[in-house]
Amino acid sequence: MTSRQPVSLVRSRTVVLAAADIDTDQIIPARFLKGTVREGLGRGLFADWRGDASRSFALDRPEAAGAQVLVAGANFGCGSSREHAVWALMDAGFRAVVSTKLADIFKRNALQNGLVPVEIDEAAHASLVAAEGREVRVDVAALTVSWAGGVAAFALPPFARRCLLEGRDELDILLSHEDAIAAHERGVSLEA
Amino acid sequence: MTPRTLFQKVWDAHVVRPATADTPAVLYVDLHLLHEVTSPQAFAVLRERGLAVRRPDRTLATMDHAIPTTPRAAGRPFVPADPEAAAQVAQLETNTRGAGITLYGVGHDRQGIVHVIAPELGVTQPGRTIVCGDSHTSTHGALGALAFGIGTSEVAQVLATQCLLQEPPRTLAVEVEGRLGPGVTAKDLALALIARLGADGATGHVVEYRGPAVRALSIEERMTVCNMSIEAGARAGMVAPDETTFAYLKGRPHAPGGEAWERAVSGWRALATDEGAAFDRVVAFDATSLEPMITYGTNPAMAVPVRGHVPADVSGPTQRALAYMGLAPGQPMLGHPVDVVFIGSCTNSRLSDLRLAASVMRGRKVAPWIRALVVPGSQQVKREAEAEGLDRTFLEAGAEWREAGCSMCIAMNGDRLERGQYAVSTSNRNFEGRQGPGGRTFLASPLTAAAAAVCGHIADPRELVA
């Protein structure tokens, strides 16, 4: 059995990237995808947005250091399926991403790596954006994100929640279904 | 029996173990496509855990993303863009050889963009489940397959078990009435649909494209539409198989032959959505008044007719996009200067796309300040295009005729825009920096791209092909 670190609580200050539709090409540009390992991709995180003084990019500010919760606009992680986007965020220390809506493949990739995908309603999201830099608690067991002055519920499929809480790995689960897979390949259903 | 959708039928046939209260369904994958960029870390997982590739016979690999497309004479060595790309290519060779997976690598006469070669070989078939570590895997839905992009962790899962754990998506029917007018292509339909749905309008859904306008499309055109499903956030896009599909597949290297062909076709006919089957959502669209489309912003949903204008009333996100693009609210698209024209990518690099581009370039010259790249989607497309003399048309017009690959769509292979340059591209993404840091992309059809090349600025292709 291989397992990840269980994730039950993420507690940290936030960094806010409020723009909608931030795609994975922004999160990590394609030129950083030429490696063959998962490690060290934080150097490519928002590489084309960082260091541009005219933009005053949130991740460049000193108070962003050490933040584990990224509050992002709607449709964060759209575009390319590159899991490198999640690896880069995690390499840079992030453990949860809070949005109103996350892109499908990004959300799947986040769950595979123990990055908590949090989708909350627009009003709560607006409060969190306004409270930039405030400490928040993302509670995976209770499925809530809370901060001084607010709390919002978020949803996760029961399976995804349990995988996060127990550090379970989907590959292990799939391997445990070997008999059913072999039966399917023989054209036989074990359920019949 | 409850009427079912095309999606539901394909899904049901691949459920290895139904969802339980606490575990999603285990879904079987018929065909797993690999390329050099999203697979190395997956093979590493297998090595770390002592696992073998379960079904090398259901796995197929090519090289497309990181490889150069610089023209090279037959038999000349392949020169990777940099040592990192060379290492990725070498890893894919080692990994596939070790596992007994067929690799259409550089130099192979079937090498090409993963989403171009699989249909071409006939391994993309109706009713199959197909995955790849690439978001444009939805392309294969054009033949009635359920095909979707996955991350590298999932690539490892499929390599080891040929299965994925899947929460069921919702279904969205896009009903396209009418018929595309002259000079209006499947790409224009895709861009208009994405503009209508929004960049996240289909998130969580599998789209089925339906209606007379879709039925009238060729398979290659359907691929263009399905390819861009992800740009509206969809998990996948599908078109029910029909006579057009069967005619496309018949005789392909991996299509069934003889009696098996007849059996296969009768199975495929049964895949179409049943009368009365319910979709979670339905969106209707009329293709009749559709015009050639072009994007003005930094996601594919920011599109207008090529004769149209940048929206005058812009909100925050659009303002940011226009600032990046160097465009003003309300300005016309026609006549905007262009530096580069890119004709290629898994969206528009098939033979029919190249024919469209050539129909505009034939007997004309690319404007002297424009660099025009024509990049066939596969070695097979390249050979077929050359057999019809399309390469001569492009070269005589002053365009580059390159080797097969993703090229300037993803700009990780040496083909890229310089900072500040404007490109009209037939690819699928106009994201900031997608075609090179600081590069600015207008997405359009092969006709519109070729028109921009010969006019030197954004132009309406209907004035050139009338």
Side-chain angles (χ1 to χ4, degrees), chain A residues 2 18-21 23-26 29-38 47-49 73-75 78-87 101-113 157-160 162 169-175 177-178 180-181 183-185 189-191, chain B residues 14 16-18 21-24 26 28 37-38 40-41 44-45 48-49 51 54 65-66 82 84-85 87-88 91 133-135 137 149-154 156-157 160-165 167 199-200 203-204 230-231 233 235 298-299 316-317 320 410-412 429 431-434 437-438:
Chain A
T2 308
D21 305 319
D23 58 79
T24 52
D25 275 87
Q26 308 315 310
R31 62 185 184 278
F32 293 96
L33 310 188
K34 288 190 263 189
T36 51
V37 296
R38 295 167 185 241
D48 291 338
W49 289 21
N75 200 26
C78 61
S80 157
S81 62
R82 60 190 70 166
E83 195 163 323
H84 309 67
V86 169
W87 297 334
K101 191 182 200 179
L102 294 164
D104 279 338
I105 304 177
F106 178 84
K107 192 159 50 175
R108 290 281 303 148
N109 288 339
L111 288 167
Q112 302 289 346
N113 290 276
F159 172 74
R162 199 156 59 101
D169 179 290
E170 292 192 10
L171 179 51
D172 286 327
I173 297 166
L174 286 165
L175 288 166
H177 293 304
E178 166 60 30
I181 298 169
H184 179 90
E185 288 179 331
S189 168
L190 287 185
E191 304 297 318
Chain B
H14 291 84
V16 165
R17 187 174 174 275
D22 64 354
T23 312
V26 176
Y28 195 77
V37 174
T38 57
Q41 292 90 343
V45 168
E48 283 158 22
R49 301 175 59 160
L51 297 167
R54 181 183 177 86
H65 283 64
D82 54 59
E84 279 189 297
Q88 271 191 339
Q91 276 232 1
D134 189 284
S135 61
T137 307
I150 57 176
T152 296
S153 293
E154 292 177 310
Q157 292 161 16
T161 71
Q162 206 60 29
C163 288
L164 287 169
L165 290 162
E167 304 280 353
D200 62 354
T203 301
I230 178 75
E231 311 310 335
R235 290 280 289 148
T298 53
N299 74 53
R320 184 197 160 94
I410 189 158
M412 61 181 295
R429 288 184 174 141
F431 297 155
E432 287 182 27
R434 168 78 178 190

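Numbered from 1 within each chain, the chains take letters A, B, ... in sequence-line order. Scope of the values below: all heavy atoms of this structure, side chains included, with no hydrogens, waters or symmetry mates.
Contacts of B/R235 with chain A are made by both backbone and side-chain atoms, with heavy-atom separations under 4.5 Å. Contact annotation for B/I230: only side-chain heavy atoms (C-beta onward) come within less than 4.5 Å of a heavy atom of chain A. For chain B, the nearby parts of A/R38 are the backbone and the side chain; heavy atoms of each come within less than 4.5 Å. The contact between B/E167 and chain A is made entirely by side chain atoms (from C-beta outward), counting heavy-atom distances below 4.5 Å. There is no contact between B/A44 and chain A, counting heavy-atom distances below 4.5 Å. Within the 4.5 angstrom heavy-atom criterion, atoms from both the backbone and the side chain of B/D22 approach chain A. In this structure, chain A has a heavy atom under 4.5 Å from the backbone of B/I150, while its side chain stays farther away. Of the atoms belonging to B/Q91, it is side-chain heavy atoms, and not backbone ones, that fall under 4.5 Å from chain A. Both the backbone and the side chain of A/E170 come within contact range of chain B, judged by heavy atoms closer than 4.5 Å. Contacts between A/L102 and chain B at a heavy-atom distance below 4.5 Å involve the backbone alone (N, CA, C, O).
Top candidate by heavy-atom pairs under 4.5 Å with chain A, chosen from B/T137, B/T298, B/D82, is B/D82. Between chain A and the residues B/A21, B/P437, B/A85, the largest count of heavy-atom pairs under 4.5 Å involves B/P437. The candidate with the highest count of non-hydrogen atom pairs below 4.5 Å against chain B, out of A/A47, A/S80, A/C78, is A/S80. Among B/T161, B/L164, B/V45, B/N299, the residue making the largest number of heavy-atom pairs under 4.5 Å with chain A is B/T161. Heavy-atom pairs under 4.5 Å with chain A were tallied for B/E84, B/R54, B/Q162; the largest tally goes to B/R54. Ranked by heavy-atom pairs shorter than 4.5 Å toward chain B, the options A/R31, A/R108, A/H84, A/K107 are led by A/R108. Top candidate by heavy-atom pairs under 4.5 Å with chain B, chosen from A/I105, A/I173, A/T36, is A/T36.
For A/D23 and A/Q26, the side-chain atoms include at least one donor-acceptor pair closer than 3.5 Å. A donor-acceptor contact closer than 3.5 angstrom is absent between the side chains of B/Q41 and A/E83.
Here the side chain of B/D134 pairs no donor or acceptor atom with the backbone of B/G149 at under 3.5 angstrom. The backbone N or O of B/T152 lies less than 3.5 Å from no partner atom in the side chain of B/T38, so there is not a single donor-acceptor pair. With hydrogens and angles disregarded, no donor-acceptor distance shorter than 3.5 Å links the side chain of B/E231 to the backbone of B/A199. Side-chain N or O atoms of B/Q88 include one that pairs as donor or acceptor with a backbone N or O of A/L33 at under 3.5 Å.
In summary, A/D169 and B/R49 engage in a salt bridge, as defined by a charged side-chain N under 4.0 Å from a carboxylate O. Between B/R320 and B/E432, at least one side-chain nitrogen of the basic residue sits less than 4.0 Å from a carboxylate oxygen of the acidic one, meeting the salt-bridge criterion.
Screening A/D104, A/V86, A/T24 for a side-chain contact (heavy atoms from CB on, under 4.5 Å) involving A/N109 leaves a single residue, A/V86.
With values rounded to the nearest 0.5 angstrom, A/W87 atom CH2 is found 6.0 Å from B/S153 atom OG. Rounded to the nearest 0.5 Å, atoms CG (A/D25) and CZ (A/F32) are 12.0 Å apart.
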